[in-house]
Amino acid sequence: MTLLIIIIVLALIFDYINGFHDAANAIATIVATKVLTPFQAVVWAAFFNFLAYWVFGFGVADTVAKTAHTMDINLVVILAGVIAAICWNLLTWWLGIPSSSSHTLIGGFAGAAIAHAGFDVVSWYTPGKDGGMPSGVLIIIAFIVLAPLLGALVSYLISIWLLNSSRKDTIYPKIFTASLMIATIVFVYFMMQGYDEIKKPRFESHFWSIAFEPHNIKWLLVAFIILTISTFCLFFSRLTHSKAESWLKRMQLLSSASFSLGHGGNDSQKVMGIIAAAVAVYIHTSGDTHMDQWLDVVLPKDGVDGKMPGWIPLACYSAIAAGTLSGGWKIVKTMGSKITKVTSFEGVAAETAGALTLYFTEHLKIPVSTTHTITGSIIGVGLTKRVSAVRWGVTVSLVWAWILTIPVSAVLAAIVYYILSLFI
């Protein structure tokens, strides 16, 4: 039990480090454009990190918990993975490199598991059920490339949409915007879950249960984001430059809040998954099936939903919010100015694209890197000006850090595992 408690404490410490390591993801553009001061920005981001507790489910947590087969590992494996992840995160933070905390944790977990029981212990690829999205470490690795590409594509398209909406000599952008608003309303309507589809309604009232169901809140947020930008686009061409800039700065508050929600929901769940895996391993290795209520964790299996005591997500969201509140100014500088010059226009496009990408991948239960996603989004808006507007030398250095994160974390975790095995 002592080792399990140590793992839980270290996992929450990692979550805190993740917060200040990745604070730049949500606040870099809003600080660079001087919409908020650095202190105001971290308070704003931390608040929405924590608010994600009521918005997202546990899909990403389930995926992370199944990175390795819990029946074939022990607590030393998880301890080594968490220690390695903390070390790599602190090193990259010190060097000002916006590496992925998510891939650090998954690489550490997988590396220690391989050192313990070989490559077969890792869940490399699991086909999706009923034609759904497959899962496994290979899918996570694939999204090292796909997440920033998706972020770049979405931010590029949003930028082009905004640019064309500012033109005064054509009505076609307004027709497109109106059509998009209608399509968004119809799409979100069909994505919403009715009362009969909700497994555990939060309220007796049908209306409030539907309105506050995490799945529905997420899609309502998507609709709100798109409809807000669409409304601005309808009037963009009538605004003077100063008024347009003023409205774009206000919209940056919305876009950064949306991205902070996605950051909190995506990254906190990874630590929740590690804690859930640790409890499952403890139950298996100790034979203690009668856990105290505060550790009554059951991993989902064969279509049966798992369960998790409320303190785990609450602690994880609190830890990442506290970490974000601490800031990470070296990485803020890299994200806010070194990749490309960012204005309020670019900030809105990049953060909105990043938020939508995170909501989409969370819906698919894929743990992606918020760092990779927002970096790709910033590159996407830079490309709308010209290819040379992106400082590719900085970008290439970041890509190398992304590529190396999982293997370096895995090797480091394996070394830590072998050392710990001598004493535990």
Side-chain angles (χ1 to χ4, degrees), residues 48-66 102 126 128-135 139 143 147 150 154 181 183-228 254-255 257-273 276 297-310 312-314 316-317 320 352-368 370 373:
F48 285 99
N49 273 176
F50 183 75
L51 198 64
Y53 170 71
W54 287 276
V55 177
F56 296 95
F58 302 141
V60 172
D62 294 342
T63 301
V64 173
K66 295 174 182 176
S102 310
T126 303
K129 294 181 180 179
D130 301 324
M133 187 72 187
S135 61
I139 300 299
F143 270 82
L150 185 59
V154 175
M181 294 174 78
T184 299
I185 293 170
V186 172
F187 175 77
V188 171
Y189 174 79
F190 283 106
M191 291 302 297
M192 297 280 284
Q193 288 185 344
Y195 185 82
D196 295 337
E197 298 175 277
I198 300 173
K199 295 179 180 179
K200 295 179 181 179
R202 293 183 173 183
F203 305 93
E204 292 184 5
S205 166
H206 284 210
F207 174 80
W208 292 114
S209 294
I210 293 172
F212 285 94
E213 174 64 19
H215 174 89
N216 292 343
I217 292 175
K218 183 171 59 185
W219 288 113
L220 287 172
L221 278 171
V222 169
F224 180 71
I225 292 167
I226 295 175
L227 292 177
T228 299
L254 168 65
S255 61
S258 302
F259 187 84
S260 293
L261 273 173
H263 174 223
N266 194 283
D267 283 29
S268 291
Q269 286 191 58
K270 293 153 191 172
V271 177
M272 289 159 54
V297 174
V298 177
L299 296 181
K301 185 178 181 181
D302 298 330
V304 179
D305 290 336
K307 63 179 180 179
M308 188 179 297
I312 294 180
L314 187 60
C316 290
Y317 282 107
I320 199 169
T352 301
L356 293 175
T357 302
L358 289 179
Y359 296 170
F360 173 71
T361 52
E362 196 280 337
H363 177 68
L364 297 177
K365 302 180 181 181
I366 301 170
V368 300
T370 54
T373 303

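Only heavy atoms go into these numbers, but all of them, side chains included; no hydrogens, no water, no symmetry mates.
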**Prompt:** Can you list the steps and then say if Leu220 with Met192 is a side-chain contact (heavy atoms from CB on, under 4.5 Å)?
**Reply:** CA-CA 8 Å; Leu220 287 172; Met192 297 280 284; 3.9 Å; yes
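At distances below 3.5 Å, not a single donor-acceptor pair connects side-chain atoms of Asn216 with backbone N or O atoms of Ala211.
Contact record, Phe212 with Ile217: O-CD1, 3.6 Å, taken as the closest heavy-atom pair. Here the closest heavy-atom approach between residue Val64 and residue Lys270 is recorded as CG1-O, 3.5 Å. Taking all atoms of both residues into account, the shortest heavy-atom contact from Ser205 to Ser209 is O-OG, 2.9 Å. What you find for Tyr53 and Leu314 is that their closest heavy atoms are CE1-N, 3.7 Å. When all heavy atoms of Asn266 and Val368 are compared, the pair lying nearest together is OD1-O, 3.0 Å. The two atoms that bring Asn49 and Ile320 nearest to each other are OD1-O, 3.9 Å, heavy atoms only.
Listed by chain and residue number, Trp219 satisfy the ring pair (Phe, Tyr, Trp, His ring centres under 6.0 Å) test with Phe187 (two or more places apart in sequence, or in another chain). With sequence neighbours excluded, no residue satisfies side-chain hydrogen bond (donor to acceptor under 3.5 Å, both in side chains) with Lys365. Phe50 is linked by a ring pair (Phe, Tyr, Trp, His ring centres under 6.0 Å) to Trp54, counting only residues two or more places apart in sequence or in another chain. Considering only residues two or more places apart in sequence or on other chains, Thr361 meets the side-chain hydrogen bond (donor to acceptor under 3.5 Å, both in side chains) condition with none of them. Not a single ring pair (Phe, Tyr, Trp, His ring centres under 6.0 Å) links Phe143 to another residue, sequence neighbours left out. Here Thr126 pairs with Ser123 under the side-chain hydrogen bond (donor to acceptor under 3.5 Å, both in side chains) rule; sequence neighbours left out.
By the 30° and 60° cut-offs, the orientation of the rings of His215 relative to His363 is tilted.
When side chains are defined from C-beta on, Glu213 does not count as touching Glu197, because their heavy atoms never get closer than 4.5 Å. No side-chain heavy atom of Ile366 sits under 4.5 Å from any side-chain heavy atom of Thr63.
The number of heavy-atom neighbours closer than 6.0 Å to CZ of Phe224, taken from other residues, nucleotides and ligands shown, is 12 or below.
Going from atom OG1 of Thr184 over to atom CE of Met191 covers 13.0 Å, rounded to the nearest 0.5 Å. A distance of 6.5 Å separates CG in Leu261 from CZ in Phe48, rounded to the nearest 0.5 Å. Note that the CG atom of Asp267 and the SG atom of Cys316 stand 11.0 Å from one another [nearest 0.5 Å]. Within the model, atoms OH of Tyr359 and CZ of Phe56 stand 5.0 Å from one another, a figure rounded to the nearest 0.5 Å. Note that OG1 of Thr373 and CG of Leu358 are 5.0 Å apart. Values are rounded to the nearest 0.5 Å.
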